[in-house]
2 protein chains.
Amino acid sequence: LIELDRVSKTYGSGELAVHALHPVSLTIEAGEYCAIVGPSGSGKSTAMAILGCLDRPTEGTYHLNGNPVNSLAADTLAEVRNRTLGFVFQQFHLLPQLTALENVMLPMVYANLPKTKRRVRATRALQRVGLGNRLHNRPSQLSGGQQQRVAIARAIVNRPKLLLADEPTGALDSQTSQSVMQIFADLNREGMTVILVTHDQEVAGQCDRTITFRDGQIIADNPTRTP
Amino acid sequence: LIELDRVSKTYGSGELAVHALHPVSLTIEAGEYCAIVGPSGSGKSTAMAILGCLDRPTEGTYHLNGNPVNSLAADTLAEVRNRTLGFVFQQFHLLPQLTALENVMLPMVYANLPKTKRRVRATRALQRVGLGNRLHNRPSQLSGGQQQRVAIARAIVNRPKLLLADEPTGALDSQTSQSVMQIFADLNREGMTVILVTHDQEVAGQCDRTITFRDGQIIADNPTRTP
Ligand SMILES: Nc1ncnc2c1ncn2[C@@H]1O[C@H](COP(=O)(O)OP(=O)(O)OP(=O)(O)O)[C@@H](O)[C@H]1O
Ligand SMILES: Nc1ncnc2c1ncn2[C@@H]1O[C@H](COP(=O)(O)OP(=O)(O)OP(=O)(O)O)[C@@H](O)[C@H]1O
Ligand SMILES: [Mg+2]
Ligand SMILES: [Mg+2]
C-alpha cells in the first residue's frame, strides 16, 4: 500500500537548511498496524505529512496503492487524499466556527453522500468516541481531550483505507486512551491500515510493528516486542 | 498563596448549562508543587484558567496572594497576571507571526526590561529547553514538541511566583519530558509554586501533592505516594 523510496525533506536552503528527513525508505502493506516513535523533532510529523499527501518530499518517490503520488496534479492528489486517507493531526485543526457534528460531517462532502446520511454517520462516529452529548458544541467549548476525540471521529467517518494519527492520545487520560485504542484495533481488524505516531510506550506496545525515528532517519523497524 | 472558596463555573444556562466546575475549594501554599489529574472533561483546564486569572468563576471567590481576584478591574487583573503568573497552555497559543525568540520575549515587555536584557533572558530560557538553535524559527517551522517547549520557556522567562502548566509534556518524548521535569523541579526548589495538569502518571509522581478531579469536583487531594 505504502512505498517510500529514499524520501527526504529539507526546509530552507544553504546555511539555514533544516534536514527534517534524510533519505528514508519504508514499505507498509495494506492492513498493517504500525507505531512510529522517536524523540521530539526527529521527523515523525514530517514523514506523516508526506504519507498523508499533505506535503511533497524534496527528493525520492512515494507510491500509494501503486500510484506515484509526486507526479499527481494537485486536484487529483486532493481526491486521492479524500477517498483513501483519514488524518488525525497533532494539533487537531478543527474548524472553530463549526460544531463538533459539522466538523465530523465535513470529510463526507467529497464522497457525495446526502446530508441526512452524513449527519447519521457523523453522529455515530462521535458517539463512538464518547461525545454523543457534545454534538452541537464548537471546539472552544470543548476540553483538549474532547477536541482530540472530535479529530479522531472526523478521521474515521469516511472509512478510509489508511488512517494516519499523529499523537492521537496525547491529550487523553488513560481510560479514554484505552477506548480510543480499542477503536483503532477494531478498525485494523476490519482491514484498515493504521499508522500512529506516539510518545506513549503503552500505545506503541499495542501496534504490531514499531518504526523508530531519530534525527530524520529510521534507525529501527521491528515487530513490536510483546512484554 | 492560592485560596479557591466554593468556586464554580457554568457555561450556558437553563437546559443547555454545562457545569464545568461544581463548587470547588482548594488551598495551595507558596512553594508547593502540585499535580492536577483526572479524566478528559473533568474540569482541570477550567480550574487552571480561573487560577491563572484568565477566566472568572460563576460563583465563589478566588484569593491570590491575599487579594480577592474577582473584584479586581480588568487592567489591575492583567497586571497581577503579568507580574505573578506564568502559564503553559494545553494548546501552546504561540503567536504564529513571531519567532520562538520573539514569543519568549513577549511577557517581559510588561516588566519594563530593556530590549537587550529581554533578548538575553529569552535566549537563556530557550537554551534551557534545548531550543538554542531554533531561536529564529516561527511556530509553523517547529515540531509539536518544539512548540510546547517554546511555550514552557515563555512561561518561566519572567520568573513568576506561580507557574501553571496544562499538560506541559503532552507532546514530548520521555527524554525531553524528563529534562522539562528537571526544570520544574529546579524552579520549585528556588521557591516557585508549580501546578501542573497532567495525564502522565510518571509526571504526577514527581510532584509533592496530587489533586484529583472528576466531573467538575475534587474527589481526592493527597501527598503524592512515592512508589
Ligand atoms: N465555553 C464552553 N461552553 C460549554 N462547555 C464548555 C466550555 N468550555 C469548557 N466546557 C466544558 O467544560 C468541561 C470541562 O472542560 P475542561 O477543559 O476543564 O476539561 P479538562 O479536564 O481540561 O479535559 P482534558 O483533559 O480533555 O483537557 C468539559 O465538559 C467541556 O466540554
Ligand atoms: N517549515 C519548516 N521550516 C524549518 N524547519 C522545519 C519546518 N517544519 C518542521 N521543521 C523541522 O523539522 C524537524 C522535524 O519536525 P517534525 O515535526 O517532523 O518532528 P516530530 O518528530 O514530529 O517532533 P514532535 O515529536 O516534537 O512532534 C524539526 O527539527 C522541525 O523544527
Ligand atoms: Mg510531531
Ligand atoms: Mg484540558
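Throughout, a chain's letter reflects where its sequence line sits, starting with A, and its residues are numbered from 1.
Interface residue A:Ser143: only side-chain heavy atoms are found under 4.5 Å from chain B. The part of A:Val18 that comes within reach of chain B is its side chain, from C-beta onward, which places non-hydrogen atoms under 4.5 angstrom from that chain. In this structure, chain B has a heavy atom under 4.5 Å from the side chain of A:Thr176, while its backbone stays farther away. Contact annotation for A:Gln147: only side-chain heavy atoms (C-beta onward) come within less than 4.5 Å of a heavy atom of chain B. Proximity to chain A (any heavy atom under 4.5 Å) is shown, for B:Gln146, by both the backbone and the side chain.
For the residue pair B:His19 / B:Thr10, a side-chain donor-acceptor distance below 3.5 Å is found, with atom types taken as modelled.
Interface check for chain B: of the options A:Lys44, A:Gln141, A:Arg149, the most heavy-atom pairs under 4.5 Å are formed by A:Arg149. When each of A:Gly144, A:Gly170, A:Ser42 is scored by its heavy-atom pairs under 4.5 Å with chain B, the top score falls to A:Gly144. The choice from B:Ser45, B:Gly41, B:Ser174 that makes the most heavy-atom pairs within less than 4.5 Å of chain A is B:Gly41. Interface remark: of the candidates B:Gly43, B:Gly145, B:Ser40, B:Gly12, B:Ser40 forms the most heavy-atom pairs closer than 4.5 Å to chain A.
The environment of CZ in B:Arg124 is sparse: at most 12 heavy-atom neighbours from other residues, nucleotides or ligands sit within 6.0 Å. With a 6.0 Å radius and a threshold of 12 heavy atoms from other residues, nucleotides or ligands, A:Asp208 has its CG atom above the threshold.
In summary, A:Glu59 and A:Arg6 do not engage in a salt bridge, as defined by a charged side-chain N under 4.0 Å from a carboxylate O. For A:Arg209 and A:Asp221, the salt-bridge test passes: some basic side-chain N is under 4.0 Å from an acidic carboxylate O.
For B:Asn158 against B:Pro107, the heavy-atom pair with the smallest separation is ND2-O, 3.0 Å.
Using modelled atom types, one side-chain atom of B:Thr224 and one backbone atom of B:Cys207 make a donor-acceptor pair closer than 3.5 Å.
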